[in-house]
Amino acid sequence: MRESLSVAEAREAVLGETALIGAETLAAADALGRVLAEAVDSPRAIPPADNSAMDGYALRAADLSGASEGEPAALRVAYEVAAGGGAPRLLAAGEAARIFTGAPLPPGADTVVRQEDTDRDGDTVRVRLQPPVGEHVRRAGEDVQAGETVLEPGEVLGAAHLGMLASLGRSVVAARRRPRVAVLSGGDELVEPDGDVSDGRIVASNSYSLAAQCAEAGADSFYLGIARDDPADIERRLRSALGADVLVSSAGVSVGDRDHVRSVLEKLGCRLIFWGVLMKPGFPLVFGRFEEGPLVFGLPGNPVSAMVTFEQFVRPALLRMQGRRRIFRPTVRARSAERLTKRPGRLHFVRVSLERNGDAFVARPTGNQSSGVLRSMTLAEGLLLFPAAAEEIPEGADALVQILDPDVLAREASEI
Ligand code: AMP
Ligand code: MG
């Protein structure tokens, strides 16, 4: 087992063990946010036929040669074509067809003139301009050609993709399944949120923040409860979850006498890959995997450490499993609102709020940065990367910030 890795080394080790998860077939309407696991070809052209983009008149452009405001061209209105309807016959020279948006272009017609550019008088329509051939006509197949591959495996299904699948007549689709993550808390001091804390006990809040982080990363979690600081109890709970794709436990991975998670994992046959990452918060992190079984993340117990290590290692692994191409948070460069100092050696993830000023950002630490102070996370819009070797970030200096809340990029209505 490797020890005391840099964040980059640890991330590489995690992703090196992370394999693509299987696909499943599901209703396209339920597939929002899933990663497509098949190529989707179109069985037909979209739109299926040439049709009108406007309410107006379908006609032959050649009949309007020389037409202008002063000298409109007069055409006989032969018939009307409604959306969903069809033309009764070929449109002859000198004729126009009343047409509505989405209605098929009559045979013989090549152009549509907007209603606003015409005057109607009984069976006659006068057109006050000479349009280019094909104006306001949507061509058959201009969106999608028959037989064309429209969506590729690996695309994340967004709203437009679900609309496109519907257009292609697809109500069922193959997508990567949601990873199943088992979440375990551990510690004799822990109680559930409705438990009695009068004797100094602590609520196992990690179970809730980690489950929510799983959901945000497109995974389904199930809860293994609170294990006592007792190897047999930890073993029993972990054993029940070996069918999961990922096992996430928090606490009990340090070097204390009551930290049994590592030894239990080894006993269960988990191959431990590394322990300890040169970061703050979050040094005591263990990563391993079961052959033909789950990836295992033994996260530190402190609430901020658990969340930040999840962010850096578990989230990218869950996204990679699902075949997502972009697995890391977006980053911006921001000016530090304060002078920051630390000892060299570990990469610090400073919880910051982000204030946007035009295209520039100012990052401000969210108060007490202790790894037990969860408030620093509820206020955090980003994590400022204070590089391992650095000792100081002067006030006003630039730093890279991982964006946790993409709404920080939003602009006021007056700026758009
Ligand atoms: P440990 O790794 O067991 O030494 O735990 C480190 C710190 O995290 C201790 O103060 C624990 O009380 C706290 N802690 C451990 N597990 C949880 C949890 N599930 N939720 C909230 N705090 C926890
Ligand atoms: Mg403990």
Next item on the list: Measure from the side-chain N and O atoms of E355 to the backbone N and O of V362, and report whether any donor-acceptor pair falls under 3.5 Å.
Entry: no

Item checked: Side-chain (T25) to main-chain (V173) donor-acceptor, under 3.5 angstrom -> no

Checklist line | Option from S249, S207, S205 for which side chain to side chain donor-acceptor pair (under 3.5 Å) with S185 holds | finding: S207

Note to self: With a 4.5 Å cut-off on side-chain heavy atoms, are E17 and L295 touching?
What the structure shows: yes

Next item on the list: Might you work through the side chain to side chain contact (heavy atoms under 4.5 Å, CB included) test for F290 and V296, ending with a clear yes or no?
Entry: CA-CA 8 Å; F290 286 90; V296 180; 3.5 Å; yes

Next item on the list: Check the pair I46 / E142 against side chain to side chain contact (heavy atoms under 4.5 Å, CB included), numbers first and verdict last.
Entry: CA-CA 7 Å; I46 304 173; E142 74 175 16; over 6 Å; no

Check: Would you say L265 and L238 make side-chain contact, with heavy atoms under 4.5 Å?
Finding: yes

Next item on the list: Compare every heavy atom of I327 with every heavy atom of R324, then report the nearest pair and how far apart it is.
Entry: O-CG2, 3.4 Å

Item checked: K342 (side chain) donor-acceptor with A388 (main chain) under 3.5 angstrom -> yes

Notebook entry, point to check: Between Q312 and R11, does any side-chain donor sit less than 3.5 Å from a side-chain acceptor?
Noted result: yes

Next item on the list: Give the intermediate values and the outcome of salt bridge (Lys or Arg N to Asp or Glu O under 4.0 Å) for residues E189 and R258.
Entry: CA-CA 12 Å; E189 76 283 25; R258 289 163 170 262; over 6 Å; no

Item checked: CA sep, side-chain torsions, deciding dist, call: R364, E338, salt bridge (Lys or Arg N to Asp or Glu O under 4.0 Å) -> CA-CA 7 Å; R364 191 178 307 276; E338 294 175 12; 5.3 Å; no

Check: Looking at R34, R176, R177, which hits salt bridge (Lys or Arg N to Asp or Glu O under 4.0 Å) with E24?
Finding: R34

Next item on the list: Flag this pair as yes if the NZ/CZ of K280 is under 6.0 angstrom from the six-membered ring centre of F349 and inside a 45 degree cone about the axis; otherwise no.
Entry: no

Notebook entry, point to check: Does D245 use its side chain to pair, donor to acceptor, with the backbone of R180 at less than 3.5 Å?
Noted result: yes

Checklist line | Residue pair R120 / Y57, side-chain donor-acceptor N/O under 3.5 Å | finding: yes

Notebook entry, point to check: Are D229 and D188 close enough, and set up right, to give a side chain to side chain contact (heavy atoms under 4.5 Å, CB included), and what steps lead you there?
Noted result: CA-CA 6 Å; D229 284 325; D188 286 342; 3.5 Å; yes

Notebook entry, point to check: If we ignore angles and hydrogens, is there a donor and acceptor under 3.5 Å between the side chains of Q213 and Y208?
Noted result: no

Note to self: What verdict does the side chain to side chain contact (heavy atoms under 4.5 Å, CB included) test give for R262 and V255, after you've listed the backbone C-alpha separation in whole Å, the side-chain angles of each residue and the deciding distance to 0.1 Å?
What the structure shows: CA-CA 10 Å; R262 279 196 283 168; V255 291; 4.1 Å; yes

Check: Any side-chain donor paired with an acceptor under 3.5 Å for R98 and Q115?
Finding: yes

Checklist line | Any side-chain heavy-atom pair of V401 and L354 under 4.5 Å | finding: yes

Notebook entry, point to check: Going by atom types only, do R237 and S240 share a side-chain donor-acceptor pair under 3.5 Å?
Noted result: no

Checklist line | Note, L340 side chain near S336 side chain (heavy atom, < 4.5 Å) | finding: yes

Margin query: Does R343 have more than 12 heavy atoms from other residues, nucleotides or ligands lying within 6.0 Å of its CZ?
Written below: no

Check: So do F313 and M279 actually touch side chain to side chain, heavy atoms under 4.5 Å?
Finding: yes

Check: Below 4.5 Å, heavy atoms only, C-beta onward: do M321 and P179 meet side chain to side chain?
Finding: yes

Next item on the list: For the residue pair R375 and M377, establish whether any side-chain heavy-atom pair is separated by less than 4.5 Å.
Entry: no

Notebook entry, point to check: If only atom types and distance count, is the side chain of S371 paired as donor or acceptor with the main-chain N or O of S305 below 3.5 Å?
Noted result: no

Note to self: Within the supplied structure, the quantity of interest is the number of heavy atoms (other residues, nucleotides, ligands) at a distance under 6.0 Å from E80 CD; does it exceed 12?
What the structure shows: yes

Item checked: Side-chain donor or acceptor of D259 paired with backbone N/O of S254 under 3.5 Å -> yes

Item checked: Ring-face cation contact, W275 with R2, 6.0 Å cut, 45° max -> no

Notebook entry, point to check: Within the side chain of R356, is there an N or O that forms a donor-acceptor pair under 3.5 Å with the backbone of A410?
Noted result: yes

Checklist line | Cationic N near anionic O, under 4.0 Å, E235 to R239 | finding: yes

Checklist line | Residue pair P303 / N206: nearest heavy atoms and the distance that separates them | finding: CA-OD1, 3.3 Å

Note to self: Just to verify, which of V246, L247, V248 counts as forming a side chain to side chain contact (heavy atoms under 4.5 Å, CB included) with P294?
What the structure shows: L247

